[in-house]
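Notes follow once the structure below has been shown.
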Amino acid sequence: MVTRRLWKSLATGILLLGSTALASAGGTLRVGMTASDIPLTTGQTDNGGEGMRFLGYTAYDSLIEWDLTASDKPSTIIPGLATSWTVDATDKTKWTFKLRPGVKFHDGSEFNADTVVWNFEKLLNKDAAQFDPRQSAQGRSRIPAVASYKAIDPLTVEIVTKTPDATLPYQLAWIMMSSPANWEKQGKNWDNYAKSPSGTGPWKIVSFVPREKAEMVPNADYWDKTRVPKLDKLVVIPLPEPSARVAALRSGQVDWIEAPAPDTVPSLKSAGFKIVTNAYPHNWTWHLSRVEGSPWNDIRVRKAANLAVDREGMKELLSGLMIPAEGFMPPGHQWFGKPTFKLKYDPEAAKKLLAEAGYSPAKPLETKILISPSGSGQMLPLPMNEFVQQNLAEVGIKVSFEVVEWNTLINIWRAGAKHESSKGATGMNYTYFIQDPFTGFMRHLQCNLAPPAGTNWGYYCDPAMDKLFDEVRTTFDPAAQQKTLEKIHEKYVDEALFLMVTHDVNARAMSAKVKGFVQAQNWFQNFSSITMD
């Protein structure tokens with residue numbers, strides 16, 4: 001016979017078990033990435049924006065970060081490891097950053113001004129013991145404004161820019177802080193560090209197997225308590241082929257996939273999977289070479305190509321998962337301005353422009369374009385590029401493709417159109433992060449950012465454009481700065497400086513078990529609010 005005391009004891013035990021279950025009810029989220037390998041785990045990731053999304057902003061922090069809490073408005077920059085920043089009123093090249101007190105790396109060591117300087121050295125100073133060529137390749141071009149940096153006191157850092165540059169805060173949002181103490185502990189070896197990484201972020205990387213998976217667990221001591229993860233574990237898995245990602249989701253091998261194949265969306269929905277989309281700052285373009293001899297030096301050819309693309313037809317190809325380009329920025333963007341050249345499907349106008357330039361379907365312009373079969377934010381590059389190829393052939397531009405892996409394409413992009421790795425191509429299909437003035441505009445077209453100084457792959461150089469870029473940097477009033485950014489975008493469109501095709505909607509497919517995800521209008525996302533049902 002069970003006594004009242006025993007019943008009470010059993011009931012208490014059941015309640016305790018229930019509370020334990022609730023406390024660990026976060027579960028494990030398994031994500032299928034579009035990348036073909038696990039991004040670098042040392043701080044500055046590779047694999048483009050997707051690498052930063054899953055292995056950068058998860059395990060690491062930057063001085064300045066993006067607000068990823070809202071889905072109904074574009075993200076803005078907010079304090080991260082720096083609580084505030086100011087520019088000197090009398091010397092606009094001198095910035096002061098106040099650091100967040102009490103922050104610790106995952107290994108328990110302290111974050112302070114000396115660690116900030118150490119991290120700049122790992123990227124910018126080839127003579128520093130901690131200099132890492134791989135991280136430098138990813139981070140150096142992100143902070144072209146930085147001339148010098150020093151610790152003023154344990155919680156104050158001074159950064160001096162080469163010239164006055166109001167875009168510095170946006171640049172610093174790319175720079176992740178790695179642990180100097182952990183680098184020492186790992187034998188001052190970045191390969192060892194990659195196997196046992198340490199940042200200050202909301203997630204701790206506990207294991208990774210190249211080309212297979214990386215596993216992360218919550219950092220319970222994270223400084224921002226609103227971003228302590230609710231999940232028990234986050235696992236990211238490279239699945240570069242869209243069909244493989246969809247199959248993995250259907251079979252239950254993963255719970256979430258990036259960029260589902262558009263033609264699978266209706267069946268995924270009918271099977272109970274959620275399709276999550278949102279506008280975000282990303283475009284899908286052909287970056288055109290402007291080196292001597294490139295056919296794209298002729299504005300008639302550039303405009304003809306832009307008029308030849310049937311963007312609404314491509315939207316059908318992608319089952320509606322795109323926003324047809326009306327410019328380099330998406331329609332309605334605050335920097336869009338009022339360009340006079342209208343991106344529309346007008347093949348007859350395209351043929352007329354090409355005829356003026358000496359080409360026709362019977363006598364086509366022949367050229368080669370670099371593309372990749374998959375990768376960060378690439379959507380469905382093979383069928384999309386084949387669609388554009390067919391459109392251009394119909395008006396008199398015959399395109400052949402040089403197909404390379406995504407990370408290889410990134411390396412070619414950094415090397416420039418004149419480099420032998422470009423193999424004579426006059427353009428590359430590249431998708432761009434366009435949520436700040438530098439990465440959105442300047443790095444592509446500024447004269448002195450041609451390789452190896454930066455990522456002006458096509459060697460475009462126009463003093464008038466450089467003057468506009470300088471105005472942005474020296475305009476610290478936001479409203480006045482926006483007017484200049486509008487002028488820059490108008491010039492991008494009116495001179496057809498890129499082949500502007502579409503904007504992604506950042507589609508994700510996920511199990512109905514995934515709860516609490518808010519898709520920010522940003523390349524990066526907050527995984528801390530997610531639970532598994």
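Just so it is clear, the model here is predicted, and its values are computed rather than measured.
Thr200 OG1 to Met177 CE: the interatomic distance, rounded to the nearest 0.5 Å, is 9.0 Å. The line from CG of Leu380 to OG of Ser319 is 9.0 Å long, rounded to the nearest 0.5 Å. Between the CG atom in Asp114 and the CD atom in Glu110 there is a gap of 9.5 Å [rounded to 0.5 Å].
For the ring-ring contact (aromatic ring centres under 6.0 Å, His included) criterion with Phe527, the lone passing option out of Tyr57, Trp256, Trp203 is Trp256. The residue from Phe433, Tyr432, Tyr492, Tyr170 that alone fulfils the ring-ring contact (aromatic ring centres under 6.0 Å, His included) condition with Phe441 is Tyr492.
No side-chain donor-acceptor contact under 3.5 Å links Arg142 to the backbone of Ile175. With Lys230 contributing its side chain and Gly516 its backbone, the two residues share no donor-acceptor pair below 3.5 Å. Using a distance-only test at 3.5 Å, with no hydrogens or angles considered, no donor-acceptor pair links the side chain of Asp67 to the main chain of Thr76. The backbone N or O of Gln519 sits less than 3.5 Å from a side-chain atom of Asn278, completing a donor-acceptor pair. Side-chain atoms of Arg53 come within 3.5 Å of backbone atoms of Trp523 as a donor-acceptor pair (strictly under, hydrogens ignored). Between the side chain of His489 and the backbone N or O of Met329 there is at least one donor-acceptor pair closer than 3.5 Å. Gln138 places no side-chain N or O within 3.5 Å of a backbone atom of Gln135 that could act as its donor or acceptor partner.
For Lys73, the NZ atom sits in a loose shell: 12 or fewer heavy atoms of surrounding residues, nucleotides or ligands are nearer than 6.0 Å. Counting heavy-atom neighbours within 6.0 Å of Lys233 NZ, excluding the residue itself, gives a total of 12 or less.
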Would Asn119 and Lys122 count as a side-chain hydrogen bond (donor to acceptor under 3.5 Å, both in side chains) here? Give the steps.
CA-CA 5 Å; Asn119 274 276; Lys122 82 176 180 184; 3.1 Å; yes

Are Tyr430 and Trp413 close enough, and set up right, to give a ring pair (Phe, Tyr, Trp, His ring centres under 6.0 Å), and what steps lead you there?
CA-CA 9 Å; Tyr430 212 95; Trp413 172 63; 4.6 Å; yes

Criterion ring pair (Phe, Tyr, Trp, His ring centres under 6.0 Å) on Phe524 and Trp174, from CA distance to verdict:
CA-CA 11 Å; Phe524 313 123; Trp174 281 98; 5.7 Å; yes

If you apply the rule salt bridge (charged side-chain N to carboxylate O under 4.0 Å, His left out), what do you find for Lys204 with Asp221, and how did you get there?
CA-CA 11 Å; Lys204 297 180 179 181; Asp221 299 321; 5.5 Å; no

Can you check ring pair (Phe, Tyr, Trp, His ring centres under 6.0 Å) on Phe111 and Trp223, steps first, answer last?
CA-CA 11 Å; Phe111 168 79; Trp223 55 266; 9.5 Å; no

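Ion pair Asp224/Arg100 not flagged as a salt bridge, since none of the NZ, NE, NH1 or NH2 atoms sits closer than 4.0 Å to an Asp/Glu carboxylate oxygen.
In terms of the side chain to side chain donor-acceptor pair (under 3.5 Å) criterion, Gln521 has no residue partners (sequence neighbours excluded).
Under 3.5 Å, the side chains of Ser251 and Gln253 contain a donor-acceptor pair of N or O atoms. Between the side chains of Glu405 and Ser36, at least one donor-acceptor pair of N or O atoms lies under 3.5 Å. If you check the side chains of Asp107 and Ser198, you find a donor sitting under 3.5 Å from an acceptor.
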